[in-house]
Colleague: 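Sharing a structure with you now.
Any value given below was found using the heavy atoms of this structure, including those in side chains, with hydrogens, waters and symmetry copies removed. Note that the coordinates shown come from a computational prediction; the quantities given were computed from them, not determined experimentally.
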Amino acid sequence: MAHIPSEIISHQQKVCRLYKRALRCLQDWVHEPHNRRFEAALLRERFDKNKDMKDMIYAKHLLQEGQKELFSKVHYQPIEFPNSVRGVAYGREVETEDWILDFWHPLEKAAYPKYFARREQLKDEYIKWYFETYPEEKKKIDSH
């Protein structure tokens, strides 16, 4: 499903997002830090040259031209952050459900006696709270 924008983005935000994407694109192409910093300074100069533009029609035209230029210079294999959606580590960390600990062997639980004692206490407190909050559920269980 395509992304449906839910808010209005100002011209300033569009320019800032274009600048950030341009810096990321620059990072994809230029790998030496000193050269990348020099190119980033030149890029910033290009953006600063038009920052006080009063004519919004021309400013919008410049924004569109900048987006076209960025699109033409996109790297064929951009750098992705590992945990981002297209990154190599996306979804790699599995969240373990809490109830799995109930099936640990007693010898495994013996390695962490304080933790499991506190856990059992919290489970008892939760059950007590649940049946005080929802007394009809207690009646259902007792009737079976």
Colleague: Is there a side-chain contact between K60 and I57, using heavy atoms and a 4.5 Å cut-off?
Modeller: no
Colleague: Before giving the answer on salt bridge (Lys or Arg N to Asp or Glu O under 4.0 Å), spell out for E65 and K68 the whole-Å C-alpha distance, their side-chain angles and the decisive distance to 0.1 Å.
Modeller: CA-CA 5 Å; E65 290 299 314; K68 286 179 189 174; 3.8 Å; yes
Colleague: So with a 6.0 Å cut-off around OH of Y58, is the heavy-atom count from everything else above 12?
Modeller: no
Colleague: Would you give the length of the straight line joining atom CD of E97 to atom CD of E95, rounded to the nearest 0.5 angstrom?
Modeller: 8.5 Å
Colleague: Could you tell me whether K123 and E120 have a side-chain N and a carboxylate O separated by less than 4.0 Å?
Modeller: yes
Colleague: Quick one: closest heavy-atom pair of D102 and R119, and the distance?
Modeller: OD1-NH1, 2.7 Å
Colleague: Can you tell me how far CZ of R24 sits from CD of E80, rounded to the nearest 0.5 angstrom?
Modeller: 10.0 Å
Colleague: Could you state the interatomic distance from SG (C16) to NE2 (H11), rounded to the nearest 0.5 Å?
Modeller: 9.5 Å
Colleague: Would you find more than 12 non-hydrogen atoms of other residues, nucleotides or ligands less than 6.0 Å from E45 atom CD?
Modeller: no
Colleague: Are R46 and E69 side-chain neighbours, meaning at least one heavy-atom pair lies under 4.5 Å?
Modeller: yes
Colleague: Treat each ILVMFWY residue as a node, draw an edge where side-chain heavy atoms are under 4.5 Å apart, and state whether L43 and F38 are in one component.
Modeller: no
Colleague: What I'd like to find out is whether the side chain of L101 reaches to under 4.5 Å of the side chain of Y115, using heavy atoms alone.
Modeller: yes
Colleague: Do V30 and F47 land in one hydrophobic cluster if side-chain heavy atoms of ILVMFWY residues count as linked below 4.5 Å?
Modeller: yes
Colleague: Would I141 and W129 show up in the same hydrophobic cluster when neighbours are defined by side-chain heavy atoms closer than 4.5 Å?
Modeller: yes
Colleague: Answer whether the closest heavy-atom distance between the side chains of V15 and Q12 falls below 4.5 Å.
Modeller: no
Colleague: Decide, yes or no, whether a salt bridge links K73 with D28 under the criterion of side-chain N to carboxylate O below 4.0 Å.
Modeller: no
Colleague: Minimum heavy-atom separation for L23 and A40, please, with both atom names.
Modeller: CD2-CB, 3.8 Å
Colleague: So does E137 pair up with K140, basic N to acidic O under 4.0 Å?
Modeller: yes
Colleague: Hey, quick one: are L63 and L70 part of the same hydrophobic cluster, counting side-chain heavy atoms closer than 4.5 Å, chains of contacts allowed?
Modeller: yes
Colleague: Check whether any side-chain heavy atom of E93 lies under 4.5 Å from a side-chain heavy atom of N83, and answer yes or no.
Modeller: no
Colleague: For the residue pair W104 and Y112, categorise the inter-ring angle as parallel (less than 30°), tilted (30 to 60°) or perpendicular (more than 60°).
Modeller: tilted
Colleague: Parallel, tilted or perpendicular: which fits the ring planes of F103 and W99, with parallel below 30° and perpendicular above 60°?
Modeller: perpendicular
Colleague: What heavy-atom pair brings K109 and F116 nearest, and what distance separates the two atoms?
Modeller: O-CD1, 3.7 Å
Colleague: I'd like to know if M56 and M53 are part of one continuous hydrophobic network [Ile/Leu/Val/Met/Phe/Trp/Tyr, side-chain heavy atoms within less than 4.5 Å].
Modeller: no
Colleague: Atom CG in D55, atom CG in N50: separation rounded to 0.5 Å?
Modeller: 11.0 Å
Colleague: Do the side chain of R36 and the main chain of Q27 share a donor and acceptor less than 3.5 angstrom apart?
Modeller: no
Colleague: Can you tell me how far the NZ atom of K138 sits from the CD1 atom of I127, to the nearest 0.5 Å?
Modeller: 9.5 Å
Colleague: Look up atom OH in Y90 and atom CZ in F81, then write down how far apart they are to the nearest 0.5 Å.
Modeller: 16.0 Å
